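Down below is the structure, laid out as C-alpha cells.
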Amino acid sequence: MLEIRWHSRAGQGAVTGAKGLADVISGTGKHVQAFAFYGSAKRGAAMTAYNRVSDSEILNHEKFMHPDYILVIDPALTYTTDITLNEKDDTVYIVTTHMSTQELIESQPKLKGKKVFTVNCIKIAQETIGRPIPNTPMLGALLKVSNILEIDSFKESMKKVLGKLPQKIIDANMIAIQRAFDEVK
Amino acid sequence: MRKMELKDIEVWDGNMAASHAMRQVQIDVVAAYPITPSTPIVENYATFLANDYVEGEFVMVESEHAAMSGCVGASAAGGRVATATSSQGFALMVETLYQASGMRLPIILNVVNRALAAPLNVNGDHSDMYLGRDSGWIQLDAYNPQDAYDLNFIAFKVSEDHDVRLPCMVHQDGFMTSHTAMGVKTLQDDIAYNFVGDFKPMNDMLDLDNPVTHGVQTEEDWHFEHKARQQNDLMTKVYPKLQAAFNEFEELTGRKYSMVETYNMEEAEVAVVCMGTSVKTAIEVSNELNAKGIKAGVVGIRVIRPWPFEKIAEVFKDIKAIGALDRSAPHGTVGMLFNELAGSLINSDSNAVLNNYIYGLGGRDLTKKHIYSIYEDLLANAKAGKLTTATQQYIGTRGPKLEFL
C-alpha cells in the first residue's frame, strides 16, 4: 500500500490533484482511493487530501495514515501546520517553495535529516497556466521523485482527466507537469 | 437522447456513482433540494439532464419537505422517481417519508448519511439513517462507492415490483463514501437499464380511464388494516424479491450481495457488527488478526429494513462474543444495532455475549487501532463467557472513558 498526504489551501486544487492522480493510476490496473479533510471548507483554509494506491482492493477507510509521501503545495503551510504529523522514518517530502532544499531545511528545522525535495509549483503554475494553481505541477514532481509512473504515459492519461477544460489550459498543464518533473531537486 | 461510454472501471466517489446509476435507469422526475454532503448527486443528475443524457424533469423546490412531496406527487402520477438528501434535510423530509411508504409509492431516496445538529456538523454518521428506521421504507446500506452504484439498481428493481410497491433508501457514508473516489466497475447504459427494466405504473393518477384516489383519510375503521398490510408486505414480500434481485445482479456482474454480509465468519469465535465504511476497515483488521490465528469475523448489515432476523440468528449461531458498533448517539439507551441483535438472538440457540460501542459521531475517525481494541474486549468476553466490560462504551472521544450499564 502506497499512501500520500497533500497539504494545501482550499482552492489550490489538492482534491482535484488527488482525484486526478487516482484516475490515472486506476488506468494502470491498480486500486486507488482519494479523499480529503475539508475542515471549515473556506477558500484559503489549510486542508489535507489523501491518496491510497494498492495492488489489491483497498478496504481501509480510516482517515489516519503514516504517509509514504507528503506533498506540500502551499509554501507557508510548512511553517503554519505540522506537515511532519504521523510521518515514518522514510517518509519523502516534496515541498513547493522558492527556496533551495538546503534553505528550506534551515528555515524549518523539523525537516532536518528527512528526505526532502523542493520545487516551485506556484511559480511554474503562474508561468504556464497563468494562475497559481500548484496541483498538476506537484504531480510532475511526484512522478520524478517516486517513479510510480512513466512521465509520457502519465501526461497522456492526464490529458483525458482534464478533458473538459479548453485545449489551451490542457496544453499549459502538460508543460507545467513536465517543468516540475525537470526542476524538482 | 445521448448515451455515455463508460470505462470498465471509473474512478468515482459515492455521489458520482449514485448519480450515474440514476442516469442509467432514466428517472422521469427528480424533485430535489440539495444539502451537503449529498448535493453532488442531484447536481450531477441535473447536468446529465441538461446535456441530454436523460429524458425527464428536474424540479427545483423550496425545501426537503417539498422535495419529497414533489416525489410523492410524481410517483402517484405514474413516473419513475428518485432524489437524494442528508441530515437536516432528511429530518425535514420525515413527515413525507411516511406518506411515501403509506401510499405505497416506489420512490428511491439516496441518503448520504450525516450527523444531526446541534452542534451543527456536515460530516458522516448514521444519525439520519437511524431517524428514518420506522418510516416503512426498505433500507439498503452501501460500504463504498461501488456498493452505492450497484445498490441503486437493486433498489429500483425491488421497490418498483408490483408485489412490493414500497419506497427504498440507499444509504452511504457522508464524505467517507460520498466524497471518497475509488474504482467503480461500471455497467454500460443499456445493460444497466435493462436490469431494472421499464417502469410499469400501477394505479397511476394520470391513467384517466381508471380514476383512483391517492392519499386518503382512514380512521379507526381502516387505518390499521393499511398499516398491517404494509408491515406484512415488508416482512414477507421484500426478502424473496431482494434475494432474487441479488442473484440476478450476481449473474450479470459477478458481484455478490447478501442481506447480511459475512467476512471470516466460518471459523470465527468473535465478531463485530457494523455498517457503512466501517465494515471495510473492520475486514482489514479481521484479515490481519486471522493471519495471526485469531478467529475474528465481521458482519455487515446490508438490509437494515426489513431487518433480516432469521439470517442474523443463523450467522451468529456459533459466535461467543459480539460487538455491536453504532455510529449514532442513542441518547438514553443502547444503540440500535445492539437492540436489533439482542432481539434477533434472544429466542435463538445463541449464547453469545453482546456489548455495544458508540463511535464515529460527527465524522470522528474510526481507526484500525480502535477496532483492534474492540476485538480485545470481545476475545476477553468470549473467554470469560460473560461481559468483562460495561454493556455500552463510547470509543474515540476525548476526556475520561464513558461507559454505561
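Throughout, protein chains are lettered first and strands after them, A, B, ... in sequence-line order, and every chain is numbered starting at 1. The structure displayed is predicted, hence computed values, not measured ones. Values reported hereafter were calculated over all heavy atoms of this structure, with side chains retained and with hydrogens, waters and symmetry mates removed.
- The CG atom of A:Asp23 sits 11.0 Å away from the CH2 atom of B:Trp12 when rounded to the nearest 0.5 Å.
- Classification of A:Glu57 and B:Lys280 as a salt-bridged pair holds, one side-chain N sitting under 4.0 Å from a carboxylate O.
- Interatomic distance, OG of A:Ser26 versus NZ of B:Lys7, reported as 6.5 Å (0.5 Å rounding).
- Sparse packing is recorded around NZ of A:Lys160, with 12 or fewer heavy atoms of other residues, nucleotides or ligands lying under 6.0 Å away.
- For B:Phe175, the part lying under 4.5 angstrom from a heavy atom of chain A is the side chain only.
- Open room surrounds NZ on B:Lys185; 12 or fewer heavy atoms of other groups in view lie less than 6.0 Å from it.
- Rounded to the nearest 0.5 Å, atoms CG (B:Leu366) and NE2 (A:His61) are 11.5 Å apart.
- A 6.0 Å sphere centred on NZ of B:Lys401 holds more than 12 heavy atoms belonging to other residues, nucleotides or ligands.
- A pairwise comparison of heavy atoms in B:Val11 and A:Ala22 identifies CG2-O, 3.9 Å as the closest pair.
- Interatomic distance, A:Lys63 NZ to B:Arg364 CZ, rounded to the nearest 0.5 Å: 9.0 Å.
- Annotation: A:Gln102, atom CD; neighbour count of heavy atoms from other residues, nucleotides and ligands within 6.0 Å does not exceed 12.
- In this structure, B:Tyr359 places its OH atom where more than 12 heavy-atom neighbours from other residues, nucleotides or ligands lie under 6.0 Å away.
- Residue A:Asp89 qualifies as open at atom CG: its count of foreign heavy atoms under 6.0 Å is 12 or below.
- Within the 4.5 Å cutoff, side-chain heavy atoms of B:Met182 are placed close to those of A:Ile58.
- For a residue to count as touching a neighbouring chain, one of its non-hydrogen atoms must lie under 4.5 Å from one of that chain's; by this rule B:Asp8 does not touch chain A.
- At a 4.5 Å heavy-atom cutoff, B:Asp173 makes no contact with chain A through either its backbone or its side chain.
- Around the NZ atom of A:Lys155, the shell of radius 6.0 Å holds more than 12 heavy atoms that belong to other residues, nucleotides or ligands.
- Nearest heavy atom pair, residue B:Asp365 against residue A:Phe64, reads OD2-N, 2.9 Å.
- In this structure, A:Asn60 CG and B:Thr367 OG1 are separated by 9.5 Å, a value rounded to the nearest 0.5 Å.
- From A:Phe35, atom CZ reaches atom NE2 of B:His179 across 13.5 Å, with rounding to the nearest 0.5 Å.
- More than 12 heavy atoms of other residues, nucleotides or ligands lie within 6.0 Å of NZ in A:Lys114, so this atom counts as buried by the packing criterion.
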